[in-house]
Each structure stands twice: as C-alpha cells, then as structure tokens.
Amino acid sequence: MNYTGTRSACKVSASLAITQGIASDGGLFVPEYFPRFQEGELARLIGMDYRGRARVILEKYLADFPEAELEECVTKAYCGTFDDDDPAPLREIDGQTFLLDLWHGPTCAFKDLALQLLPHLLTKAARRTMPEKEIVILVATSGDTGKAALEGFADVPGVRIIVFFPEKGVSAIQKLQMTTQTGNNVCVCAIKGNFDDAQTGVKSIFSDRKMAAEMASHGLAFSSANSINFGRLVPQIVYYVSAWCDLMKTGRLKPETKFNVAVPTGNFGNILAAVYAKRMGLPIARFICASNRNRILTDFIRTGVYDRNREFYVTTSPSMDILISSNLERMLYHLHDGDCAEVARLMTELKTKGRYGISRGRLGELQSEFWGGFCDDARAAAAIRKLFAERRMLCDTHTAVAVDVLEEYRKETLDTAPCVIASTASAYKFAPAVLPAIYDGPVPEDGFEIIRKLSQVTGTPVPPPLAGLNARPVRHDSCIEKTAMADFIAEKLFK
Ligand SMILES: *Cc1c(COP(=O)(O)O)cnc(C)c1O
C-alpha cells in the first residue's frame with residue numbers, strides 16, 4: 001500500500017506520507033486503493049478490544065510499519081491516556097440513536113483519538129524517511145487540534161511544534177489550554193485573523209521553496225499535525241469500526257442492518273474517516289454532514305457549488321467555524337475516481353475565484369451517500385436542553401449541531417435506520433454555551449465558575465484536564481499579524 005497525491009500522481013510510502021504531511025504541490029496524500037476487510041474479518045474484530053481493532057486497521061494502511069512498531073504505538077496512545085478503558089464508548093439515547101463519545105482523552109475533544117497516536121507514528125516514520133532531520137510540526141487550529149497536538153507532541157525527542165490559533169476564534173478555555181502548555185519543544189502563537197487565515201498561512205509556508213531550503217540548511221523539516229496529514233485520518237477510521245463492533249456485540253444492531261453516521265463537521269476529516277470505513281466494508285448507509293451557521297458544506301452537498309465568498313460567523317461551536325474545508329479535497333479526489341487534473345483544477349478555482357462547482361453526475365453520486373444540514377446556535381442550544389430534559393444526557397455545542405441535524409434528516413427523509421452520532425467534545429469544554437441551555441438561573445461571569453455550576457446542576461464530574469486549568473501559569477502570549485507567520489517561524493527556528 002502506497003500513497004499518491006490528490007493534485008498530481010506520485011508514489012510514496014505510508015511513512016513518507018506521514019512525515020511529509022502534505023504533497024509538494026500542495027495536494028493531500030491518499031491511499032492508492034481502499035483496503036477491504038476480508039471475509040469474516042469484521043466479525044472477528046467484534047471480539048477484540050479497541051487497541052486490537054486499531055492494530056488490524058492500521059496494518060492495512062501503514063504497510064511499511066513493522067507489526068511490532070504498530071503494536072507499540074497503539075499501546076502508548078491508548079493505554080492509560082483516556083479516562084475510560086474504552087477510548088470511544090457508546091451512549092444510547094434511544095434504541096436507534098447512539099452517541100459515540102470521543103472526548104475521554106487528555107484534551108476532552110475527539111482530536112485526541114488521532115493525536116495521541118500520531119506523534120508515535122510520526123517519530124517512527126521520520127526515523128525511516130529522514131533520520132538526520134529534526135521535525136517541526138506546524139499547526140493551524142480552530143481550538144481543539146492545537147491543544148491535542150501540543151499534548152501529543154510535548155517533549156517528544158526529535159520534534160518541535162508550533163501552533164497558530166485565531167486570537168478571537170477560540171473559546172476562553174481552549175485558549176487557556178494552549179497558552180498554559182508546558183514542554184521544552186512547544187511554541188504557541190495567536191494571530192489576528194480567523195481559522196482560515198491561520199490554515200492558509202500554514203499551507204503556504206509548507207509549499208514555500210525558499211523556506212524549505214532554509215529549513216534544510218538548518219537540518220529541519222516541516223510536517224503537519226492537522227487533518228491534512230493522513231496519519232490523522234487512519235486512527236479516526238478505527239472508532240467507526242469499533243462503534244459497529246460494540247453495537248453488534250451488545251445485539252443492538254442486526255448483522256444485516258446498515259447504520260447511518262451523523263458528524264458535526266468543519267474540516268471534513270472526521271466524516272471522511274467514516275467514508276473510508278465504509279469503503280473498507282463497514283455497513284454504513286448514509287453520512288449526515290452537520291454544519292453550524294457556517295453552512296458552506298450544506299450548500300455544497302445540496303447544490304454541488306462550493307462558494308467561500310460569504311460572511312464568516314463566529315458561533316458557539318467554534319471548532320466548526322470554517323469556510324475552507326481541507327479534507328473535502330480528498331473526497332473530491334475519490335468522487336472523481338482519482339482524476340488528479342480535475343481536483344487540481346477545482347483547487348485552483350477555489351484559490352483564484354473562491355468557488356468551484358462539480359458536475360451533475362458527480363453531485364448525484366455524492367448525494368446518494370451524503371445528506372447535508374445545518375443549524376444555528378439557538379437550535380443547537382435547544383437540542384442540548386431537550387437531550388438533558390428528556391434523557392438526562394449532556395452533550396456539547398458541536399455534538400448538539402449533529403443531534404439537531406439528524407432530527408431534521410429523519411423528519412425529512414423518514415429514514416429510520418440506526419444512527420451513530422460522533423460526540424466530539426466534552427460539554428465542559430464549552431460550558432459557557434452549555435450551561436444557559438439547560439439552566440435558567442443566573443450564569444456566573446467567570447469561566448471556571450460556569451464549569452463548577454455545570455457540574456453542580458448536572459451532577460456530573462468536571463473532567464480532570466479542565467479542572468485545574470485556571471491555576472496554571474500562562475507561558476505563551478505572542479499575538480501577531482496574519483501576514484507575519486513566516487517571519488515568526490524564522491525567528492523561532494533560525495535565530
Ligand atoms: C475539530 C472538531 C470538529 C470538526 O471536525 P472535522 O474533522 O474538522 O470536520 C467538530 N467538533 C469538535 C469538538 C472539534 O474539535
């Protein structure tokens with residue numbers, strides 16, 4: 001199994017795809033084909049634990065990683081790092097609807113599932129592909145990736161990490177999680193701009209030849225911990241497969257029944273992992289792509305036109321406040337049967353005109369599997385309220401978007417198939433929006449008082465990683481213009 005680029009063909013090993021992060025022409029790495037589960041293999045996974053399931057799936061994609069190495073990586077990633085034995089447990093809402101809780105890791109959001117594993121994969125891969133280089137991870141974050149990557153890479157030998165976040169685009173808690181990060185190899189910097197500015201800045205630094213030459217002369221090489229890195233995608237396939245295994249194991253899904261997945265979506269990485277799981281043979285029927293008021297993906301799925309020339313909104317689900325959805329490029333590649341020239345053309349259109357359209361035929365194919373919906377902050381809050389009132393279950397603002405959109409989907413299509421909702425963050429991480437949704441009394445001013453109140457009102461414990469946050473000293477307070485990212489990096493690395 002090798003990897004090729006979305007914009008032009010190439011042939012690289014899994015190790016190189018992960019170390020390099022992004023293809024040299026700005027395209028993303030994709031596997032040459034989708035590995036399939038063998039006859040009876042899926043059924044065998046039912047009897048395994050999460051780590052066993054992860055090993056089987058990783059082996060199929062990461063062909064040049066020795067088995068023992070994968071075993072070691074998986075053990076380091078998922079043993080003792082999550083506050084539940086199962087890193088991705090299911091919670092049943094009703095007999096047909098399940099929350100897949102992906103927030104039991106050290107940063108309380110689903111990014112941990114991939115970012116607890118990626119640093120181990122990356123250091124092994126780098127030793128094979130560029131043994132003489134020190135790796136510099138560049139991250140643009142809408143809030144959750146940054147912290148998850150910092151947790152994963154802090155004090156990992158042979159790697160440094162630089163994280164850029166939008167000054168006003170992350171929650172107070174997300175910001176504090178990042179600016180208090182410890183570790184001798186970490187650097188965190190705010191930019192005056194939004195997430196798309198941060199992501200575009202990082203991507204252009206990746207494809208800057210002069211910068212690459214300067215990096216090389218210092219014995220350094222860039223890599224990415226964003227979901228453009230294929231090493232982020234593989235671990236995410238695992239939890240969809242694992243969810244199916246758990247539903248089968250407990251008899252809540254019949255072997256002949258297909259299920260849907262509903263995913264609160266921003267950069268399209270999480271939902272794309274579900275697509276990969278289906279291509280491998282997992283019996284998923286439909287992908288319900290849920291957006292907040294930044295509904296660019298809803299419009300794309302409904303019309304076939306992707307148009308970023310629109311207003312950008314800051315919402316209560318900041319990790320989905322995105323207008324340039326990077327991983328959609330991989331979906332376009334697969335939708336166009338690997339036609340790199342067409343993907344390159346669409347990406348050029350996006351860059352120059354801010355919009356592109358796909359053909360009617362391709363749109364039809366997309367719509368046969370995808371359903372797109374969106375909801376605003378008020379409806380997300382109502383979904384949180386209803387879930388708590390009716391079921392005493394707590395969910396965060398991102399997950400709530402998917403809960404609401406799923407309900408709309410079911411009303412509109414009358415599809416009654418069981419559905420797994422990706423529950424992407426702990427409600428505590430977004431407590432200032434969650435508390436007023438379920439509690440009619442006065443909401444405290446201070447973020448940590450809000451967290452305490454949420455715990456009191458719901459009788460649920462504050463996740464330990466968030467509990468002590470306000471006592472930690474701020475270690476990173478840089479804030480730069482969005483045009484100064486390259487200079488900032490040069491200052492940090494070459495001086
Ligand atoms: C990152 C994130 C999302 C969006 O996931 P994508 O893979 O970017 O689509 C949704 N919810 C939360 C809490 C997140 O951190």
Side-chain angles (χ1 to χ4, degrees), residues 28 99-115 118 139-151 165-166 169-171 173-174 177-178 195-196 198-199 224-237 239-240 261-277 287-292 294-298 300-301 315-331 370 372 374-375 380 384 395-405 421-431 433-434 463 466:
L28 309 187
L99 289 174
L100 178 59
D101 284 330
L102 302 171
W103 44 262
H104 286 282
T107 76
C108 308
F110 89 93
K111 309 287 198 295
D112 287 327
L113 272 300
L115 282 165
L118 182 67
V139 179
T141 183
S142 56
D144 291 330
T145 296
K147 178 60 181 179
L150 288 164
E151 274 298 315
F165 71 88
V170 301
S171 77
I173 288 184
Q174 286 176 318
Q177 277 188 310
M178 290 187 277
F195 170 70
D196 290 314
Q199 176 161 260
S224 169
N226 278 100
S227 56
I228 53 177
N229 191 322
F230 194 79
R232 275 279 300 276
L233 208 59
V234 201
Q236 298 184 167
I237 300 170
Y239 49 73
Y240 291 107
V261 296
V263 185
T265 298
N267 231 346
F268 211 78
N270 200 359
I271 198 165
L272 185 69
V275 175
Y276 276 60
F287 308 104
I288 295 149
C289 177
S291 302
N292 63 25
N294 294 295
R295 47 175 286 186
I296 192 162
L297 288 167
T298 310
F300 175 65
I301 293 166
T315 73
T316 54
S317 42
S319 301
M320 293 152 66
D321 290 345
I322 289 175
L323 291 183
I324 304 177
S325 195
S326 292
N327 271 290
L328 190 61
E329 180 169 343
R330 287 193 169 103
M331 190 66 221
F370 275 84
F374 73 101
C375 81
I384 294 172
C395 80
D396 93 296
T397 46
H398 301 74
T399 308
V401 168
V403 170
D404 178 86
V405 168
I421 301 169
S423 162
T424 51
S426 158
Y428 282 93
K429 204 164 182 182
F430 301 95
V434 172
L466 299 180

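Both ligands and their constituent atoms are indexed starting at 1 by order of listing.
Side chain to side chain, N229 and R232 fail the donor-acceptor criterion of an N or O pair below 3.5 Å. Defined by atom type and a distance below 3.5 Å, a donor-acceptor pair is missing between the side-chain atoms of Q177 and T107. Side-chain N/O atoms of T315 and D321 include a donor and acceptor closer than 3.5 Å.
Taking every heavy atom of K111 and a limit of under 4.0 angstrom, the matching atoms of ligand 1 come to 1 (C), 2 (C), 3 (C), 14 (C), 15 (O). Proximity to T265 (heavy-atom distance under 4.0 Å) selects the following atoms of ligand 1: 9 (O). Taking every non-hydrogen atom of D144 and a distance limit under 4.0 Å, the qualifying atoms of ligand 1 come out as 12 (C), 13 (C), 14 (C), 15 (O). Atom numbering of ligand 1 starts at 1 in the shown order; those under 4.0 Å from a heavy atom of P264 are 4 (C), 10 (C). With ligand atoms numbered from 1 in the order given, ligand 1 contributes 13 (C) to contacts under 4.0 Å with heavy atoms of A425. Distances below 4.0 Å separate heavy atoms of T424 from the following atoms of ligand 1: 10 (C), 11 (N), 12 (C), 13 (C). For ligand 1 and F268, the ligand atoms under 4.0 Å from any heavy atom of the residue are 6 (P), 8 (O), 9 (O).
Remark: the backbone N or O of N270 is paired with a side-chain donor or acceptor of Y240 at under 3.5 angstrom. Using modelled atom types, no side-chain atom of T316 and backbone atom of A433 make a donor-acceptor pair closer than 3.5 Å.
Distances from ligand 1 to the non-hydrogen atoms of S227 include no value under 4.0 Å. Under a 4.0 angstrom heavy-atom cut-off, F110 registers as being in contact with ligand 1.
The aromatic rings of F370 and F287 sit tilted, their planes meeting at an angle between 30° and 60°.
When only interatomic distances are considered, the shortest N/O to N/O separation between H398 and ligand 1 does not fall below 3.5 Å. The shortest N or O to N or O distance between G269 and ligand 1 is below 3.5 Å. Below 3.5 Å of separation, one finds no N or O of D396 facing any N or O of ligand 1.
Residues F230 and R330 are in side-chain contact: their nearest non-hydrogen atoms beyond the backbone lie under 4.5 Å apart.
Looking only at protein heavy atoms, the nearest one to atom 7 (O) of ligand 1 is N270 N, 2.9 Å. The nearest protein atom to atom 9 (O) of ligand 1, hydrogens excluded, is given as G266 N, 2.8 Å; this is a heavy-atom distance. In terms of protein heavy-atom proximity, atom 8 (O) of ligand 1 is nearest to N267 N, 2.7 Å.
A pairwise comparison of heavy atoms in G146 and V139 identifies CA-CG1, 4.3 Å as the closest pair. A pairwise comparison of heavy atoms in C289 and I301 identifies CB-CD1, 3.7 Å as the closest pair.
Looking at residues two or more places apart in sequence or on another chain, you find a salt bridge (Lys or Arg N to Asp or Glu O under 4.0 Å) between D404 and R379.
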